[in-house]
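What follows is one structure encoded as structure tokens, with my remarks underneath.
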Amino acid sequence: MSPPTSPTPAILSGRGLTKTYHVGDVDIHALRGVDVELRDGELVVLLGPSGSGKSTLLNILGGLDHPTSGELRFRGKTIDTADERALTRYRRDHVGFVFQFYNLVASLTAEENVALVTEIARAPMSPADALALVGLGDRLDAFPAQLSGGEQQRVAIARAVAKQPEVLLCDEPTGALDSHTGVLVLQAIEQVNRDLGTTAVVITHNSGIAAMADRVLRFGDGQVVDESRNTVRRAPAELTW
Amino acid sequence: MRLLHPLDAKLARDLWRLRAQALAIALIIASGVGVLCSSLAVVDALLETATLFYERQRFGDVFGNVTRAPRHLLTRIGDIPGVQVLEARVVKHATVEVEGFDDPVIAALVSIPEDRAPVLNRPWLRRGTLPAPGQVDGAVLSEAFADGHDLAVGDTLHALINGRRRALRVTGIALSPEYVYTIAPGGLLPDDRRFGVIWMGEEVLAAAFDLDGAFNDVSLVLAHGADVDTVVHRLDALLEPYGGTGAIAREDQPSNWFVMNEIRQLRSMAGILPTIFLVVAAFLTNMVLARLIATERSEVGLLKAFGYGNVTVAWHYAKLVLMLAGAGVVLGWLFGWWLGRYSTVLYADMFRFPTLYYHPGLQPFVLAGAVSLGAALAGALGAARRAARLPPAEAMRPPAPAVYRRAGRLSAAARHWFDQLTRIVLRQLLRWPVRALLTSTGVAAAVAVLVMSLQWLDALELMVDSFFFDQQRHDVMVSLVEDRPASVRYEIARLPGVLAVEAHRTVPARLRNRHLSRREAVIGVPGDGELEVLKDATGARVPIPPDGLVMSRTLADRLRLSRGDPVVVEVLEGSRPVIVVPVAAIFDTWIGTPVFIHREALDRALGDPPTVDTLLLDVDPDHILELFDALEATPVVGAVTLRRASVDNFDDTIAENMLVFVTIYVSFACTLAMGVVYNSMRIALSERGRELATLRVLGFTGGEVSYVLLGEAALMVLVALPIGCVLGAALVELMSANFETELFRVPPVVAPSTYGMAMLVVLASAVLCGVLVHRRVERLDLIRVLKTRE
């Protein structure tokens with residue numbers, strides 16, 4: 001399933017990744033041997049129904065979880081066996097996360113939620129710039145409770161990209177939003193990917209979104225069942241779902 | 001068929017999930033219930049034990065003392081209306097020699113009839129028998145004294161009886177309702193090695209003290225409903241011509257007075273401490289439940305969506321509280337039962353009772369249980385109601401982000417100084433100031449209880465220092481067997497090792513101010529005395545003016561006297577003159593209710609040749625044993641008390657008992673502190689798990705994330721510390737006021753180190769909780785927390 005050799009180097013590469021959860025006496029095979037490579041500046045959409053293993057893969061790629069077996073390398077360095085401290089370091093320095101439910105800190109303003117990350121990052125952009133990038137340059141002082149869902153998600157994106165991560169991992173970023181707001185959020189992701197060159201992975205069960213990707217991996221039953229490449233990336237505004 | 005309703009299964013699992021928090025709450029409730037039950041049970045047990053012992057051994061209702069009265073007077077005493085039974089005795093004091101023990105030992109010699117068992121104040125034989133009729137050397141020893149010197153039936157000891165050294169053979173060991181609290185005359189605490197009771201045949205004692213056909217002590221038991229005061233008054237009148245020193249009712253009998261005093265104190269304690277624990281427990285239950293339901297809102301919504309009614313849902317959570325509190329109550333019952341028994345045994349050791357009637361009634365347990373369950377339910381009521389009121393649709397939606405607006409804003413200056421994590425901590429506190437304040441209050445309560453418990457040791461030290469060191473500067477106190485001319489001091493001053501002598505004259509008197517009166521010993525002291533210096537509570541010397549009474553404030557208050565007021569002093573010895581003396585000064589003192597007067601003023605007022613009855617000696621320590629021997633050989637010497645021994649004894653008896661209770665209360669306070677801190681941290685963790693997990697995902701380390709949670713708790717604890725110290729000081733004042741008895745008042749002093757220790761203990765408890773919670777933060781399951789809907 002691996003893509004043909006390409007001139008751009010792989011930033012993240014996984015080989016034979018499996019993940020098995022033991023629930024009571026039952027083994028749940030969430031991943032059944034997945035090979036995956038993410039290249040610099042790529043925008044990849046992981047498409048599949050819920051329970052197909054895409055979130056599990058994203059968690060492993062983001063250093064939130066260990067694979068049961070298989071190998072995962074970030075810029076050539078093995079991270080599948082890294083300890084908790086090394087994984088924290090990896091998340092802190094290289095990875096940005098965006099979740100379906102935003103996960104903003106309610107007691108911090110938009111700017112402060114972003115600053116939360118820039119304070120511990122090595123080469124961050126300013127929180128104001130990050131928020132301007134997602135079109136929220138005028139809402140710096142708003143608390144999460146004063147923002148709409150779409151705005152909250154865009155703050156989450158700003159927070160994820162402000163440290164200028166190499167990889168941006170988005171788990172159902174539009175799952176809790178209406179389509180109009182969802183487009184705004186996808187635009188923000190697309191813009192980050194294009195302007196900053198951040199490798200972006202977007203998980204969705206919504207096939208309409210696939211058209212904005214460079215590459216689409218379709219998931220089913222813990223495996224990549226299909227991989228396709230879009231010759232032309234469609235702008236989020238042109239997407240419908 | 002299902003064994004358990006699904007809701008009950010949920011309840012059981014919730015309890016299991018919350019087990020650590022549940023345990024913390026249960027322990028707090030248990031502490032409150034335990035203290036309440038044990039205090040009330042001890043009060044009951046002591047009262048019942050005393051009552052039964054008194055009844056069985058026919059403890060007298062009225063007691064009279066004379067120098068020498070003929071036996072035919074007994075007929076007239078028996079004719080006093082209300083007198084049912086009476087018995088006359090010979091009661092004297094003697095010096096005792098015990099092999100291997102150099103300090104002076106005094107014993108009360110109490111006569112028992114030769115031909116029959118005593119009718120009243122019967123000794124309870126533990127071992128051996130009463131002396132056989134006609135057995136002149138037979139003696140029954142009080143048990144504490146025998147134990148203190150390892151004396152057994154068949155052993156021999158010597159006593160200096162009215163100047164004659166006699167060998168006594170121990171025929172039995174006994175207890176007595178008269179000497180449950182066995183103290184030497186004028187003493188405060190039992191000293192088993194230096195004071196004891198010896199029962200001997202009446203004829204032997206009467207002969208020894210020249211009381212053939214006479215008596216010097218009489219006890220009465222009154223018919224049911226007889227007026228004690230009238231009998232006391234009539235008895236007093238009959239005994240007066242024979243040197244009566246004032247008849248007393250049972251309530252003034254020294255041993256019983258101390259026992260009842262202790263019971264009164266215990267009863268007042270049963271009111272305060274458990275209340276503190278119960279209030280804190282109710283507060284904690286409320287807090288836990290309200291926040292628990294906040295984290296359970298989607299399940300509440302789900303239950304209601306399925307069609308469960310408000311009442312069912314509310315009852316579901318009420319059951320949770322009842323089970324939490326119920327566990328605490330049962331634990332508290334067990335603990336209270338044990339602590340009650342343990343304290344009763346401790347008291348039984350200090351008070352000599354033959355058997356303990358520790359059968360706590362249901363009442364304290366029902367009361368403590370009802371109060372605790374009530375408090376917990378009341379605490380949880382609001383939370384359960386809120387849960388039931390939640391509309392299902394709203395409950396099932398994830399809650400909107402908590403609203404932080406202007407109230408949560410920090411000033412620009414503050415923003416400059418604090419990083420984002422610190423801002424989270426500060427905003428969280430500013431957003432829920434009441435909750436933070438309540439948590440701080442809970443921790444402060446723990447500090448306060450600690451201050452209060454540890455303060456007892458400060459108070460004790462102050463009392464010992466001021467009484468035994470500041471005030472008493474003599475080495476030895478010699479009580480004479482009877483009043484002697486003042487010149488006796490020169491005789492004593494010539495004894496080996498004596499460096500200085502001061503003489504006191506003590507007269508029993510009834511002090512009267514209109515309808516208020518009190519029996520008290522008026523102590524005549526030299527105006528320039530250096531061996532006993534009167535000091536007030538502040539440590540300032542109280543001068544003895546040439547005229548007038550110097551009175552302790554407790555006594556002055558009781559008689560409603562102020563400085564300058566005249567007091568009617570009815571002297572209860574000798575020619576029993578009645579004189580009127582003004583109150584010259586009132587001073588504060590911690591121990592007893594003493595009243596002093598210049599000895600010369602006393603002599604003048606009594607109008608008889610000056611006499612003395614107590615001598616204070618300053619002694620060269622190198623010659624103290626020679627002095628003891630010399631004193632023993634001096635017939636006028638009654639009791640010899642060493643100040644050093646009194647201090648040691650005070651320390652041993654009181655400090656030992658107190659240390660036990662201090663330890664118990666310190667552990668209670670730690671339970672409180674840990675209960676409050678741990679619960680508030682754990683609840684915060686479950687409420688904010690998602691936020692904290694997000695921080696972990698964003699790359700913050702476990703330590704940094706714990707900082708958010710623990711920083712908040714740390715701030716609340718830090719705020720609580722000074723509040724707790726202030727509350728503690730207030731509690732100390734409250735306890736001091738409630739513990740005020742005639743025997744002693746607890747000085748409301750708190751040493752700085754006590755505050756320090758209280759804060760340290762609470763800090764240590766908080767740190768321990770912090771470590772436990774930090775471990776949970778480290779184990780936070782990031783994926784699960786993030787993927788599950790709130």
If I measure from the heavy atoms of chain A, does [X] come under 4.5 Å with its side chain, its backbone, both, or neither?
X: R696(B); value: both
X: E778(B); value: neither
X: L695(B); value: side chain

Nearest 0.5 Å please: distance from the [atom1] atom of [X] over to the [atom2] atom of [Y].
X: Q420(B); Y: T109(A); atom1: CD; atom2: OG1; value: 7.0 Å
X: R427(B); Y: F143(A); atom1: CZ; atom2: CZ; value: 4.0 Å
X: L108(A); Y: L421(B); atom1: CG; atom2: CG; value: 8.5 Å

Handout entry: Greatest number of heavy atom pairs closer than 4.5 Å to chain B - which of L147(A), D93(A), L116(A)
Key = L116(A)
Just wondering, more than 12 heavy atoms not from [X] lying within 6.0 Å of its [atom1]?
X: R775(B); atom1: CZ; value: no
X: R776(B); atom1: CZ; value: no
X: R85(A); atom1: CZ; value: no

Practice task
Would you check if R159(A) and T694(B) make a side-chain contact, meaning some heavy-atom pair closer than 4.5 Å?
Solution key: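 The answer is yes, as the side chains (C-beta and beyond) meet within the 4.5 Å cut-off.
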